[in-house]
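The next block holds one structure in the form of structure tokens; read it before the comments.
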Protein chains: 2
Amino acid sequence: MRVGQLKKVRYLLKIKYIMVNVDRLLDLGASTKKYNSNEIIFEEGTECYYYYQLVSGSVRWLQVSEDGKEFVQDMIEPGECFGEFPLFDERPYAASAIASNECEVMRLPRNIFQQLLKDDPDLHFAFSKLLVERLRFRFLLSKNLASNKPEDKICSLLGYFKEQKKYICSKCNLVQLTRQQIADMTGLRVETVIRSIRHLQETGKLQINKGKVFY
Amino acid sequence: MRVGQLKKVRYLLKIKYIMVNVDRLLDLGASTKKYNSNEIIFEEGTECYYYYQLVSGSVRWLQVSEDGKEFVQDMIEPGECFGEFPLFDERPYAASAIASNECEVMRLPRNIFQQLLKDDPDLHFAFSKLLVERLRFRFLLSKNLASNKPEDKICSLLGYFKEQKKYICSKCNLVQLTRQQIADMTGLRVETVIRSIRHLQETGKLQINKGKVFY
DNA sequence: TTTACATTATGACCCTAATCATAAATCTAT
DNA sequence: ATAGATTTATGATTAGGGTCATAATGTAAA
């Protein structure tokens with residue numbers, strides 16, 4: 001089994017935004033926890049006890065399909081929260097979270113988090129906005145995954161990340177992902193991604209530098 | 001162009017739940033508007049002025065891809081709200097809403113809706129829960145659309161609707177959709193859906209009655 | 001009833017992404 | 001520097017969904 005896809009890619013660790021202010025989390029009683037590379041933070045189908053927010057490192061949020069293949073729903077960058085669904089609907093986790101490298105995570109007990117939202121409508125709106133943002137991404141993705149052209153799937157994925165400034169290389173300010181990551185997020189086979197990427201480069205739609213893909 | 005896919009299917013019009021109480025909406029100044037079959041309620045990319053809640057009829061929420069194909073993101077049943085993304089993130093509509101048959105819709109000006117949520121944290125939580133529900137569906141869908149077996153795509157879609165008691169036939173209490181609708185929501189071609197459905201019936205995974213699909 | 005349109009149906013052919021095998025290159029950790 | 005794992009690469013083959021053509025059936029409205 002392939003593990004730790006993100007190990008190699010170094011993103012700019014400048015935090016673009018933070019879901020909840022760190023001092024505020026600490027005041028409320030949040031604790032910080034460290035995870036090693038490939039350690040499981042929580043698992044799909046289990047009950048949720050905490051609100052999670054990533055401080056440093058990188059987390060992938062994935063589901064495992066019947067045939068054992070990982071489908072990566074999202075890759076989390078510092079400042080973002082993850083695994084928030086159960087906090088709103090009291091159901092189990094929809095996906096598992098795995099540390100892609102050494103991670104520092106803040107966690108706040110769920111009832112405290114829920115009370116926090118009740119006390120702070122503006123923060124609640126910020127979370128509604130986050131949920132909508134994730135939904136817009138899913139809308140885009142499900143539409144494009146339904147299309148049958150691999151190049152379309154890849155371009156729409158990269159285009160979205162560019163717009164969201166996610167997975168941006170610190171040096172060149174371009175979206176930078178491995179072919180393997182793209183495969184994991186689109187369900188395409190790596191070989192297909194490799195061949196599509198080459199063709200996209202030939203037609204000038206993206207750049208390859210020292211074998212790495214930039215968009 | 002194919003229009004009005006839902007015309008023929010008669011769902012149980014018993015309303016399963018209502019997002020916001022109708023009297024409350026009226027008190028707040030909501031108005032009721034009727035739409036004819038295939039009339040556009042709002043269009044992808046345009047600005048949003050209202051909160052919309054369906055009273056009767058059926059609305060499909062769709063995107064049109066470059067090649068002109070409709071991708072149906074959701075089909076709305078009475079009591080549900082639709083087109084709510086822009087109310088939380090102030091961006092344009094992510095998809096268009098089209099009346100699938102004669103519809104009655106309640107609409108509330110956006111600022112009044114937003115104030116309502118601020119005044120009523122519990123209602124705000126109900127909407128957060130709705131957003132999460134939609135997200136869970138999208139998670140399921142994008143994972144399964146990424147898989148490449150048509151029968152898997154179809155079964156997971158139908159399975160979800162069964163669980164959610166959506167598109168349930170009033171007489172037999174089973175999920176009932178046309179093959180065309182399934183095609184529109186999975187991105188599969190109708191012919192593929194027809195052939196897959198037949199095979200699924202042969203293997204006992206769903207029922208066909210007078211040509212109609214039940215699950 | 002008739003008309004118009006959607007849905008369902010079926011066969012033939014084609015295209016292409018998946019699959020399998022193999023190997024080089026690159027990165028990480030020790 | 002070395003070992004082990006991951007990513008990238010390439011070719012050959014194949015399975016299977018898309019595409020096209022055609023038609024029957026079903027449904028709603030005039």
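Chain A is the first sequence line, chain B the second, and so forth, proteins listed ahead of strands; every chain is numbered from 1.
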Next on the checklist: Please pick, from D/dT8, C/dA18, D/dT19, the nucleotide with the shortest atom-to-atom distance to any side-chain atom of A/T178.
Outcome noted: D/dT8
Item to check | Interatomic distance where CG belongs to B/N101 and C1' belongs to D/dA29 [whole Å] | outcome: 15 Å
Checklist entry - With a 3.5 Å cut-off and just heavy-atom distances, do the side chain of B/R195 and the base of D/dT19 make a donor-acceptor pair? => result yes
Checklist entry - With a 4.0 Å cut-off on heavy atoms, is A/K210 in touch with a base, just the backbone sugar-phosphate, or nothing at all? => result nothing
Checklist entry - Which nucleotide in the list D/dT8, D/dA9, D/dG18 gets nearest to the side chain of B/L188? => result D/dG18
Checklist entry - Tell me: CD1 of B/I154 to P of C/dT8, nearest whole Å? => result 12 Å
Item to check | Candidates D/dT8, D/dT19, D/dG17 - which lies nearest the side chain of B/E191 | outcome: D/dT19
Checklist outcome for this item: Closest of C/dT19, D/dG18, D/dT8 to the A/Q180 side chain is D/dT8
Checklist outcome for this item: From CG of B/L145 across to P of D/dG17 the rounded distance in Å is 14 Å
Checklist entry - Ring centres of A/F139 and B/W61 under 6.0 Å apart? => result yes
Next on the checklist: I need the CG-P distance between B/L177 and C/dT7, as an integer number of Å.
Outcome noted: 13 Å
Checklist outcome for this item: When A/R134, A/R60, A/Q63 are each screened for side-chain hydrogen bond (donor to acceptor under 3.5 Å, both in side chains) with A/Q73, the one that passes is A/Q63
Checklist entry - Could you give the CD1-to-C1' distance, from B/I208 to D/dG26, as a whole number of Å? => result 16 Å
Checklist entry - A/I194 CD1 to C/dA18 C1': how many Å, rounded? => result 14 Å
Checklist entry - Hey, which of B/F82, B/F42, B/F127 is the one that makes ring-ring contact (aromatic ring centres under 6.0 Å, His included) with B/Y51? => result B/F127
Checklist entry - Quick one: B/K69 NZ to D/dT19 C1', roughly how many Å, whole number? => result 12 Å
Checklist entry - When you check the phosphate oxygens OP1 and OP2 of D/dT8, does a side-chain N or O of A/R179 lie under 4.0 Å from one of them? => result yes
Checklist entry - Tell me: CZ of A/R189 to C1' of C/dA21, nearest whole Å? => result 16 Å
Next on the checklist: Of the options C/dT8, C/dT19, C/dA18, whose atoms approach the side-chain atoms of A/T192 most closely?
Outcome noted: C/dA18
Item to check | Closest to the B/K212 side chain, choosing from C/dT7, D/dT27, D/dA9 | outcome: D/dT27
Checklist entry - Relative to each other, are the rings of A/F161 and A/Y167 parallel, tilted or perpendicular (30° and 60° limits)? => result perpendicular
Checklist entry - Looking only at heavy atoms, what is the nearest atom pair of A/I40 and A/Y35, with distance? => result O-CE2, 4.2 Å
Next on the checklist: For A/A146 and A/V213, find the nucleotide of DNA chain D closest to each by heavy atoms; which residue's nucleotide sits nearer the 5' end?
Outcome noted: A/V213
